Every structure is written in C-alpha cells, then in structure tokens.
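Scroll down for the structure; my scribbles are underneath it.
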Amino acid sequence: MTRIAKVIVDVAAYPVDRPFDYLVPADWHDLIECGCRVKVPFGPRNVLGFVVELASETDVPLDKIKPITQVLDIEPVLTEEMLSLAKWLKTQTICYEIDALQVMLPSALRAKYEKIVHLQVALEQLDPILAAFFKKSAKANFKQFEKESLLKELKQAVNKGHVRIENEVKQQGKIKEVRKVQIHAEASYIAEIEQQISKRAKKQIHLVQWMKAHCGEIFSPEEIYEQAGVTATVLQALIEMGAAKFIQEEVYRDPFTKDVAQTTALNLTAEQEQALSYITAAMKKQHNETFLLHGITGSGKTEVYLQAIQQALQDGKEAIMLVPEISLTPQMTERFRSRFGEMVAVMHSGLSVGEKYDEWRKIQQGKVKVVVGARSAIFAPFQHVGLIILDEEHESTYKQEDAPRYHARDVAIWRSKFHQCPVILGSATPALESFARAKKNVYTLLTLKERAKQQALPTVEIVDMREELKLGNRSMFSTSLIEAMRERLVRKEQIVLFLNRRGYSSFVLCRDCGTVVQCPNCDISLTYHRYNEKLKCHYCGYDEYVPQSCPQCQSEHIRFFGTGTQKVEEEIYKLFPEARIVRMDVDTTSQKGAHEQLLDIFGSGQADILLGTQMIAKGLDFPNITLVGVLSADTSLHLPDYRSSERTFQLLTQVSGRAGRHDLLGEVIIQTYTPEHYAIELAQAQQYEPFYTREMYSRHQAGYPPYYYLALVQVSHEDVIMAAEYAGRVADYLREKLSFNVAIIGPTTASISRLNNRYRYQCLIKYKVEPNLIETLLQLIKIYRTDWSKKGIQLIVDLDPSVI
DNA sequence: AGCACGCCGACT
DNA sequence: GTCGGCGTGCTC
C-alpha cells in the first residue's frame, strides 16, 4: 500500500501555505509519524517540512509526487495538540502555518540551510581561480565564493556543468553527550576479573574492590578517580579487562548557576486560602475555568501560584508558569527552584540556543513537571497540563510583535480547553480588557486586598516639578526627593530610583541649528551610548561614532542631550559622592549573567542605590528598600497610544510596590509635570478600581478596547508615494467591504514612519461585531499576494495589536 | 520565498 | 551570434 505524507514546507509565502503530498518510502512506513520533521525536495531545492497528516491516497497525479528524502526525527517533535493549535493560530492571527509550527519549537530545531557547491569534473578542467576551493574535497561552501566575489566565475562553471550547486538542510539540535563509566552489573563477574589481576598491581586490586561495591552504577571518570583514589591508567586497565565499560550519556546544559536551599509552603492568609480553594476546585473538576487573580503588590500572589502548582503536581499533572521576560529575574526563578527543585525548567531569552533546546527536551521527555518562562513557554510540550498561569497578565510582552502575532493569554485559554484545566491570570493592575471580562463573569475574579505580611502600603508623595522649577530648582531631583535620599543614606537603608525611559533616552543635538542625529534607515533619532562612544538605532541596529561636528551646519556645538541613566548616575554622584550606585539598563545588563550579578550586589547590601529603567519595576523583593523615587512619571503618559494612561498607572503602581515589602515602612516619591492627571492621582491612592472606572469612561468615549476590538493593517514600501497610495487602497477596500458600523481610521503614518528604509502607513479597524472581518482581511491578502507583492509592497495584518 | 524559464538589448 | 537583464509562473 502506498502511503502519503501531507507536509507543510518551510517556505513562508502565501501560494505555498498549504500541505504538499509526498510519498513515504516503504522503509519508513513505521518511522514517519505526524509531527515529524522531514527533508523534502521542493521545486529545484531541498527544504525542511512538517508532516501534518498521513493518508493512503492523494489527488495529485502520481508522476508529480516525489518521495521524502530524509526523516529528521525518530520521535515526533510536535504532538497532535500542537498541530491543531497551529491551524488555530493560522486563522486566528492570519499567519503562515509554517510560522505557527516553527514558533512552537526551540530555534535549535528550526532548519538552517547551506548552499554547497559540488565539483562535477576533474579539478584540472575547472577555472583555476575556482579550483583553489576544491583542493581538499569535492564540496565547498557557497559563501566562500560570495566573499571572494567570484559569483560570475561560479555561474559560468555551473553553465559548463563543471560544478553543481545544492541547497542542503543542515541538521539542527545537537545533543550534548559525555563519556561515563558503567561498572559491570554482576559482582561475581567482577570477582572473576579480580583473580586475573597480578598481585603486584595494588591500585588495580583496590579499584576492583571498590567496583564490587558499586555494581551497575554509572560514574564520570573523574568521580572514580576521586572516590577510588586511582588514576586514568588504572581505570583503563580494568575497562580493558571488562569490569566496566564506557558509555555515552545525554547531558543537559545546566542554565542554573547556583544551588538553592529547599523551601516549603508558607502559611496562607484567609484571602489566599480562599483564592487557592477556588482554583484547586476547578482543577479537581477538570474544568477549563479562567481566573483573574487581582492582588495588590505584596499580597502574595506568587505563593498562591506555588501552592496551586503543588496541587497540580500531586494530581500527576504538569504546570506552565509564564512571566514577562523583564521580570524573569533570578529571584523569581530561584523561588520556583527552591520549591520544586529539579522539577523545574526555565525558558527565557538569556539562554543560549543549546540551553533552550535542552530545557525543551527536559519538558518533552517528562524529566520536569513545571516550566517557568517567557511568552513562548506557553508552547511547552507537556502532555498532561494541569494548570497554566500568566503572572503580570497585563504586560504587553505577552503579545508577539512579529508573525505569528499571537497573545500568550489566548493560547493559554486554548490549551486549557484542550487539557480541561484552569488558567490563572494574575496582576496587581489587570489589563482593562481582563478586568472587564471578569466583571462580565467570563473570567472568575479572585481578589487579594491585603498584603500578606500585613505591612502598611507605602506612603506616596506626588511632587509637582513645575513648582520646583518656579522655585529655581533646575535639576532632575526635587528637594523632597533629595531630602528623602539623604535620610536613607544616613540610616543605611536602600533606595530604588526609577527612570521612565520611554521617550527619554539620550540623543545628540546641535545647539546651533537644532539638528538631532537621525538613523539613516529609520525615522528615529539615534541613541547615545557612552560605553563605546557610539550612536545606535534601537530599531534596526544601525550604529555610528558620535560626530565631531553637526552633519547639517558643521557647528562644533554638538553634544548629547537628554536624561539617560548614565546622566542620572553622574548627578547623584554630584549630590552624594559617597553613595554606592548600581545602574541597571541595556548597557550594563547586556552581558550574560550581568543582571543577576548586579542584583546580587544590591541585595547583599554592597550598594545603596539601585538606578534603572523598566527592568527594575517588577519582581524585586529586598527587605531594606524603604524609598522608591520615580524621576519623571509622565514621560510614558503622552505617547500616542490609547493605552498610555493605563501603562503609566500600571508602571507607577508596580514600582511603588518595591518599597516597604517587609518590616520597614516604605515611602514613594513620584515626580511629575502633570500631577492632576488621573493616572497619577489614582496611582498615588493605589486604588485600582477607581482607575478602572475612570479609564473605562475614556475608552468608551474614544471607542477603544474593551468597548471595541482593534485590527491594524500596515502597508510599507521603500517609496513614500507607493506606501501612501496602497495604504489608501487598503482603506478604500475595507470601507467598501466592511459593514457601516465598523470604523476605519486612516490611512495614517505609523508611529515610526520609516523603519529599515521602508515607509510605513497604517489603517486601524475598530469593530464590535464583524463576522466578515477575517474573511475580508484574507481577501485583501489575496489581492496583495498576486499583485502588490511584486511591486514591493509589504502588508502586515495585526489583530488585537499591542502597540498602535 | 526562491528558482528556472523565457524573452529582449548590448557586447566579446 | 551570445551573455545577462528581469518579468512570469510553479513548487507535491
């Protein structure tokens, strides 16, 4: 019987975004399963693909069908659950199925391709310039020819048939192995060997006796040298005699750097107890209920998570815990490791490709039961998920910014339906959408109103910086913040200073003509980095050295401007020369492990002040912090984003929560130029619900979520006119096809109007119910794929965008 | 997306 | 005459 595999090929393009049929060679009938990666011929080249279905017939004429070239996995890398999740993602987010499949795997399992040039004739026949590359072997890497700009010569050789170029799929995912020694399992057998040893070989006799006490056990050679007190030659001799053998053992690269002490469950408050009981009840009933756990900062949400996970493990299930990348601090992961020990895998962007792959395999092979990770950990290949948690559920990092543009919350809810398990969305400042859903009983609301250790909430003072300016204080520190800092330094208590960096970074400005140095590829000013004296574009990565004179007017009065953390650090040193400062920003934390190291320095009391951006707003829990200063609260308030008030409120509440979490009372000082704004006033009051009510009113007025859904269509082209014209066509098309009560805003320029040399325009769709939306967008893409893409137009559709 | 095929202009 | 430009169309 013939067997056909339906394969999604690794080519991200609309015309090939469907399964292709391949013949499964008879030898592999038992080997190939759904979810395996395979190598297949596709047109003139070889590509990687995923088997998504097995069938016994096909509609494709048999002369067109080609066989699978190679199987890359003995065990499928994707389960049936993941295959159907990919289909759902494809329609839900309008992406290529291959993108949806790839996002579920660690990058080590995604294909890498390499062009290889094969020599087809005798070396002497070949163009002598090319011949140099084939001295060692008949194969050479295509890149070498590119580097030496010999592509013309190469092409001629291809035309003459002297060489052949092939696209090869590189096998990925190296399993790390170490050599270990396994002692023979039978003591009697070892005893026999002992008889053969010469009486003079004292060391060998010593080792063989030690081996008799460790029959069948596995050691690293080093362990044996140390424990038995012998050297490599002695061990070698006994292995040759057969008392033990070398084996290859799979190892996992261990991303944890230090050991942690075991901890046990803490006593819960009545509130925590009640929240937990609701969650465990849903777990017992195998009910896919979504809980919104709204707990103020310091109310002990994490302890509720830990005990709920404990319950899942006791029921023989697994648990997925998501945290925003930025708060995936060592403190957080340690807390999980100390509770669940070796049962925990960690997934975040700080791990190497190999480490991520190893953590993934631990999950897939069932070696761990809990995963703590950033967004993509929602795809953890567990088979019996008992609980999914999203901590800080309001964070925008849960939405992926490129294809597939999924929200981890939606995937979590999808998987919870599949596994019949609850989801916990936890936050001190829930996203408006989530709180609204809880109010409508779509989610079950659980509330923690008290701090777990009964500490008072910190006092929050708002300082009007306009008044400071009137009083002649032109520095970035208000008098009351300076006073409060001085007090803490005297009392040897710790300070956290938070710089709301968005729109606040340092740029280079000419004081004569006002020119700000811009990125040549994007419509964005370059950011100054002191450590290498360079200007860098944070969007496309372009960098250049700081110019000595203004590129516009040649004036030499050009200098960096703005308030980066480096500038603040300098200012603090002027005020308090004796203060010990730890600065955390992109510059100081870019190296691996730097984040952890800096927090260790601060946590152990070797510094007085922790100065940083967004990355210090969450998860920090140090008992000695009694003062939190927010240098400028309103920089995030005036961004052209309908969520800017919500973001500001969330940020201020989060950062205030860092103070006074233990015995000492905390104080928060917020500096602002708009103290009357409700986001700032209500953050001072530390009241979520009044903020929710006020903000819901604004959203209702302006027609934004949660009252309306949003969809964004972005058009980009290297030429402004083309981008604008086609964005106009998009708007016309949408207005024609969508119903009259759907609002279509635009086309307008995107907030970053040029990125990587492409001009960007966008249309925003606001709708309540529009059954035709997905269908209309798909039609739009159809037009685009046949016609527009040839003209260099790029079209992106983002449903429920996080940034507009 | 990539790559071959195929049809037109400017060169050894 | 041929080399190479890029518009067109297909990939099981």
Side-chain angles (χ1 to χ4, degrees), chain A residues 1-26 28-29 32 34 36-72 90 94-103 110-118 127 142-143 145-146 149-170 402-404 716-718 722 756 758 781-797:
Chain A
M1 191 184 74
T2 56
R3 190 169 296 186
I4 300 297
K6 307 209 175 258
V7 174
I8 298 285
V9 291
D10 179 23
V11 179
Y14 284 104
V16 293
D17 186 29
R18 61 186 173 86
F20 283 79
D21 293 4
Y22 285 89
L23 192 70
V24 181
W28 293 340
H29 275 192
I32 290 182
C34 286
C36 281
R37 293 173 308 150
V38 289
K39 192 169 121 181
V40 290
F42 192 64
R45 64 214 156 110
N46 281 312
V47 295
L48 181 127
F50 292 88
V51 178
V52 292
E53 207 183 315
L54 289 166
S56 51
E57 348 186 286
T58 172
D59 302 332
V60 183
L62 278 168
D63 60 317
K64 277 185 120 186
I65 292 207
K66 295 175 187 172
I68 290 172
T69 324
Q70 198 186 331
V71 192
L72 286 108
K90 178 181 176 177
I94 311 187
C95 68
Y96 305 120
E97 193 162 342
I98 189 68
D99 282 337
L101 292 167
Q102 302 261 33
V103 78
R110 290 173 212 163
K112 296 272 184 302
Y113 297 93
E114 219 170 41
K115 275 189 194 164
I116 303 288
V117 185
H118 295 259
D127 184 341
F142 181 81
K143 268 191 193 151
F145 299 95
E146 224 169 10
S149 52
L150 293 169
L151 292 185
K152 275 197 174 168
E153 290 81 351
L154 193 63
K155 182 140 194 206
Q156 283 165 358
V158 173
N159 289 346
K160 281 188 230 161
H162 291 178
V163 296
R164 177 170 51 89
I165 300 176
E166 254 180 60
N167 223 354
E168 290 187 6
V169 181
K170 263 176 76 183
D402 39 49
S716 72
H717 196 275
E718 286 182 5
M722 284 288 280
N756 265 322
R758 300 183 69 87
I781 287 167
K782 225 178 204 173
I783 299 168
Y784 148 77
R785 82 171 176 218
T786 46
D787 203 27
W788 302 8
S789 65
K790 284 172 200 151
K791 298 191 172 81
I793 293 279
Q794 201 182 69
L795 186 87
I796 291 170
V797 175

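The structure presented is a predicted model; accordingly, all values stated were derived computationally and were not measured. Below, read A as the first sequence line, B as the second, and so on, with proteins coming before strands; counting in each chain starts at 1.
Distance, A:Arg3 CZ to C:dC12 C1': 18 Å, rounded to whole Å. Between the CZ atom of A:Phe50 and the P atom of C:dC12 there is a distance of 18 Å, given to the nearest Å. Note: CD (A:Glu97) to C1' (B:dA1) measures 17 Å, nearest angstrom. For the pair A:Asp21 CG and C:dT11 C1', the interatomic distance rounds to 13 Å; values are reported in whole Å. One interatomic measurement links the two molecules: CZ of A:Arg45 to P of C:dC10, which rounds to 16 Å at whole-angstrom precision. Across the protein-nucleic acid pair, A:Phe42 atom CZ and C:dC10 atom C1' stand 9 Å apart, rounded to whole Å. The distance from atom CD1 of A:Ile65 to atom P of C:dT11 is 12 Å, rounded to the nearest whole Å. Straight-line distance from the NZ atom of A:Lys39 to the P atom of C:dC12: 15 Å, rounded to whole Å.
In this structure, A:Asp17 contributes its side chain and A:Glu97 its backbone to a donor-acceptor pair below 3.5 Å.
Contact between the side-chain N/O atoms of A:Lys64 and the OP1/OP2 oxygens of C:dT11 is found at a separation under 4.0 Å.
In this structure, A:Tyr22 reaches the sugar-phosphate backbone alone: every heavy-atom distance under 4.0 Å involves primed, P, OP1 or OP2 atoms, never a base. Within the nucleic acid shown, A:Pro41 comes within 4.0 Å of sugar-phosphate atoms alone, with no base atom in reach, counting heavy atoms only.
Among the candidates A:Val71, A:Val24, A:Val7, the single residue satisfying the side-chain contact (heavy atoms from CB on, under 4.5 Å) test with A:Val51 is A:Val7.
Within 6.0 Å of CG in A:Asp63 there are more than 12 heavy atoms belonging to other residues, nucleotides or ligands. Remark: A:Lys66 NZ is packed, more than 12 non-hydrogen atoms of other residues, nucleotides or ligands lying under 6.0 Å away.
Here the side chain of A:Phe20 is nearest to one of B:dA4, B:dA1, C:dC12, namely C:dC12.
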